Novice: 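If you scroll down you'll find the structure; I have some questions about it.
Throughout, protein chains are lettered first and strands after them, A, B, ... in sequence-line order, and every chain is numbered starting at 1. Owing to the predicted nature of the structure, the values given are computational and were not obtained by experimental measurement.
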Number of protein chains: 2
Amino acid sequence: MDDRTAHRTSPATHRGADRLPGTRYGSRPTMKDVAARAGVGLKTVSRVVNEEPGVTPETERRVQEAIEALGFRRNDSARVLRKGRTASIGLVLEDLADPFYGPLSRAVEEVARAHGALLINGSSAEDPEREQELVLALCARRVDGLVVIPAGDDHRYLEPEVKAGVATVFVDRPAGHIDADVVVSDNFGGARDGVAHLIAHGHRRIGFIGDMPRIHTAAERLRGYRAAMEDAEITVEDSWMSLGVTDPERVRRAAEEMLTGPEPVTAVFAGNNRVTVTVIRVLAGHTRPVALVGFDDIELADLLQPGVTVVAQDAAALGRTAAERLFRQLDGTLLTPERIVLPTRLITRGSGELPPAG
Amino acid sequence: MDDRTAHRTSPATHRGADRLPGTRYGSRPTMKDVAARAGVGLKTVSRVVNEEPGVTPETERRVQEAIEALGFRRNDSARVLRKGRTASIGLVLEDLADPFYGPLSRAVEEVARAHGALLINGSSAEDPEREQELVLALCARRVDGLVVIPAGDDHRYLEPEVKAGVATVFVDRPAGHIDADVVVSDNFGGARDGVAHLIAHGHRRIGFIGDMPRIHTAAERLRGYRAAMEDAEITVEDSWMSLGVTDPERVRRAAEEMLTGPEPVTAVFAGNNRVTVTVIRVLAGHTRPVALVGFDDIELADLLQPGVTVVAQDAAALGRTAAERLFRQLDGTLLTPERIVLPTRLITRGSGELPPAG
DNA sequence: CTGAAAGCGCTAACAC
DNA sequence: GTGTTAGCGCTTTCAG
C-alpha cells in the first residue's frame, strides 16, 4: 500500500549550489556581459540575438559561445519598452475550468501562436469588477490586443485603451457602451429552433431553465424560447420558466418543481451545459419520460439513454474567429467594428424526440 | 430563419474618431505627460500611482485628475525593467482544451491571483520542442516562475534559468535531468488498485489500453497494471496490452482486437480519460458485458449504464499544490526540491464490478 | 513633502 | 562589418 497518501521525498542537492561563472544567483547576464566576454560591441550581440544580417560567421560564433557560456536570455521587458509591442495578447473569460472555455481558449492560443504571440489569460469568475481589474492589468502589461468574454455590461473603462491602440474583440457576449468587434453565437435562433423542435414533437407545456437574465446569452436564449412558443401560439406560464444561478442545487429544485404538481411540463429546454447535466440527473430519478433539449453540447451525450439532443455552438470557432479579427485589427487591415454571429446546430439524439407523456 | 449563418453587421462609427486631448492615436501618455499636465514633478506622479505615502491630498487630487483626463495607465514593461519582478508566472501544459487541464490551470490561476500575479499559459501539444520554445519565451518575458507539465524528458535547457532565479515546479510528470520540485499523482498505485479491483471481482483476462510509454504517466500506469497482475499470479499476454497514441481510431481497433478472438478479455483497464471514452463507445456496440475501470474521472460517468468505475486524480489539487510550492520558492521559504505524490481515489459505479462473462 | 538625475536592458540611428 | 550614443517609461537615490 505504498503511495496512498501525499508524501514527499527530498534529494540532498541544493539549488544554485554551483553557479554559472560570471553570474550572481538571482541576477542574469545582459547583452553587455555577453559583449564583454565575447570581446565585441553591444550592438553586435544584439545583431546575433535578433538574427540580423551583417555579422561575420566567426564573430557570430564567438558571440554564440559567450551566450551559451553565460546562459544569456534576452530580456523581453527591455525589448518591449523600446519596440512598443509585446507580442502577447490577453484573454479574459469566465472560468478556464468550464469545458466550454477550454477549447475556446485553445483556439485563441493557436491563432496567437501563428502570429508569434503569447496568450495571457485570466478568469473573471463572472464578476464585472474582476473582469475590469484583469483587463486593466493586461493593458498595463501592454498586451497588443484583448479578447474579452464580458462579465460586466459596461466597458467604457476600456475607451482610453482602445484609443491608445489596444486591439479589442468581445466574444460570446456583446460589449456594453463601447464600439468594438463582437463575435457571438446565434443564441436567440438556436434556442428558438431547439424549442420549436420540442413543439414539433407534440409538446406544449415546455419548461425553460436558464442562467441569470443579466447575462446576455441567457436573455437571448430566453427570448428564443418565448419566440418559439409564441410562434406556436402557446401561452407560457410563469411556473414553466426559471432563471438564476446555474448551480446544481438551484437547478435541481427548479426542475423538480416543473416536473411535479397538477400540470407538469412534458419537456424541458436547458439553457446551458451545466443546467443540462443537472436536469439529466433529475430526470434519471423520475419514471415518467420527459423530453429534453439542451443548449451547448456535452461529452458522452450520445451514450446516455436516451441520447441527449442539444443545440451545439462551436466554441473553437468562436475563439478562432475572434482572434483572427484581433490580428487583423493589429495588421491595420480592419478598421470598422463589426458584429459577427456564428450559427448553432441542432443535434438530435433521442431525448428531444420523446413524445409528451403524462 | 434569421441568424442561421454567420453574418456581419457594421455600425457606421470609426474607432479613434475622437481622440483624447494630448494623446496621439496609437501612443500612450506617460508619467511625464501626467506630471506636465498636473504641474508637478515626475516622481510625485509615481508616488500617486503606486500609492506611496508622502503626498498632499491636494497634490494627489491634481495628479489623479490628470491621470483620468489623459487616460494614463502605468507601463508595467518599464516598471518590470526597473524592479526585476514581473508578477506573472507561466504555465506550460499539453492542451488547454483537455478537460483534465482546465481545472488544473484554473487552480494555478487562483493561487497566482492570491499572490497578485498573472498567469501566462501555453499548450505544448505534447511536443518537446514546442515545450522548450514556450518555456524559453516565458523566461525571456521574465516570468517570476514556471509551472511545467513536461512533454519532453530532458530539461537541462532550464538550468541557466533556474540558476538565474526562475522558480520552477513540474506537475503531472517528473522533470528530466534537472533537480526541481515535482508534483505528481500516484499513477502506479492508482492503476494497480484499479486492476486489483477487477481481479477481486473475478477477472483474470484483463486488457490494458494506454498512451505511448514514453509518457511517464502512461509508463507508470502500465507498471501498476503489471504489478497487480503479478500480485495475483496472472501471466499477462502481449495481446492484452496496447500502448500508443490515444486517438479514437487506434484505441477502437485495440479494443476490438482484445474483445474478439478465441480468448477475449473479460475486463479492460483504460489508461486515461480519452481512452475510457472510446472504450465505452466500443463496449456499447457489444452484447457481452465487459468490465471497465478507467484512469481519470469523466463527466456524466455516473449516468451511463452501467456507471463507469474510475481511478480519479484531483487535477485542481495538482495545480494548487504546484503553484503554492512555486510561490514558496519565490518567498524564499523553500530551498530544497522535493517530489510530492498525491493520492488517487477509486470510485466504484458499476462497470468495474461486473463479473467475468463469456 | 517634492523633484532632478541616474540607470534598468534593450534597439534605433548613426557613426566609423 | 562593427561600435557608440541616445532614449523607451519607469523606479531608485538623494538633494532640496
Novice: Expressed as a whole number of angstroms, how long is the span from A/Asp76:CG to C/dG9:P?
Specialist: 14 Å
Novice: Within less than 4.0 Å of OP1 or OP2 of C/dT2, is there a side-chain N or O belonging to B/Thr59?
Specialist: yes
Novice: Could you check whether any side-chain N or O of B/Asp153 sits under 3.5 Å from a backbone N or O of B/Gly176, counting only pairs where one atom can act as donor and the other as acceptor?
Specialist: no
Novice: Can you tell me how far C1' of C/dA12 sits from CZ of A/Arg85, to the nearest Å?
Specialist: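 About 18 Å, once rounded to whole Å.
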Novice: Rounded to whole angstrom units, what separation is found between the CZ atom of A/Arg74 and the P atom of C/dG9?
Specialist: 15 Å
Novice: What's the CG-C1' distance between B/Leu42 and C/dG7, to the nearest Å?
Specialist: 13 Å
Novice: Kindly say whether B/Thr333 contributes a backbone atom to a donor-acceptor pair with the side chain of B/Asp331 at under 3.5 angstrom?
Specialist: no
Novice: Using whole Å, report how far NZ of A/Lys32 lies from C1' of D/dT4.
Specialist: 13 Å
Novice: For D/dT11, does OP1 or OP2 lie under 4.0 Å from any side-chain N or O of B/Arg79?
Specialist: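 Yes, B/Arg79 has a side-chain N/O under 4.0 Å of OP1/OP2 on D/dT11.
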Novice: Could you check which of D/dG9, C/dA12, C/dG7 has an atom nearest any side-chain atom of B/Arg82?
Specialist: C/dG7
Novice: Starting at atom CD of A/Glu60, determine the distance to atom P of D/dG1, rounded to an integer number of angstrom.
Specialist: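 One finds 13 Å between P of D/dG1 and CD of A/Glu60, rounded.
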Novice: Quick one: does B/Thr30's side chain have a donor or acceptor within less than 3.5 Å of a partner on B/Lys32's backbone?
Specialist: yes
Novice: With a 4.0 Å limit, can you tell me whether A/Thr44 has a side-chain N or O closer than that to the phosphate oxygens OP1/OP2 of D/dT2?
Specialist: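 Looking at the OP1 and OP2 atoms of D/dT2, neither is under 4.0 Å from any side-chain N or O of A/Thr44.
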Novice: Taking any heavy-atom pair under 4.0 Å as a contact, classify A/Val40: base, sugar-phosphate, or nothing.
Specialist: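 Counting heavy atoms under 4.0 Å across all strands, the contact made by A/Val40 is with sugar-phosphate only.
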Novice: Just by modelled atom types, is the A/Arg156 backbone N or O under 3.5 Å from a matching donor or acceptor in the A/His177 side chain?
Specialist: no
Novice: Closer than 4.0 Å, any side-chain N/O of A/Lys83 to the OP1 or OP2 of C/dA12?
Specialist: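 Indeed, a polar side-chain atom of A/Lys83 lies that close.
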Novice: So, A/Asn50 and A/Arg74: side-chain donor and acceptor under 3.5 Å apart, yes or no?
Specialist: yes
Novice: On the nucleotide D/dC8, are OP1 or OP2 found under 4.0 Å from the side-chain N or O atoms that B/Ser77 carries?
Specialist: no
Novice: Quick one: does A/Arg47 reach the base of D/dG3 with a side-chain donor-acceptor pair under 3.5 Å?
Specialist: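 Counting by modelled atom types and ignoring angles, a donor-acceptor contact under 3.5 Å is found here.
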Novice: Separation of A/Lys43 atom NZ from C/dG9 atom P, in whole Å?
Specialist: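 Between P of C/dG9 and NZ of A/Lys43: 18 Å.
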Novice: What residues from residues 48-57 of chain A pass a heavy-atom cutoff of under 4.0 Å to DNA chain C?
Specialist: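 A/Asn50 - these, ordered by number, are the residues of the stretch whose heavy atoms sit under 4.0 Å from the strand.
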Novice: Is any side-chain heavy atom of A/Leu134 closer than 4.5 Å to a side-chain heavy atom of A/Asn121?
Specialist: no
Novice: Nearest whole angstrom, please: distance from the C1' of D/dC8 to the CE of B/Met31.
Specialist: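 Rounding to the nearest Å, CE of B/Met31 and C1' of D/dC8 are 14 Å apart.
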Novice: Distance-only, no hydrogens or angles: does the A/Ser77 side chain make a donor-acceptor pair with backbone N or O of B/Leu81 under 3.5 Å?
Specialist: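 It does not hold such a pair.
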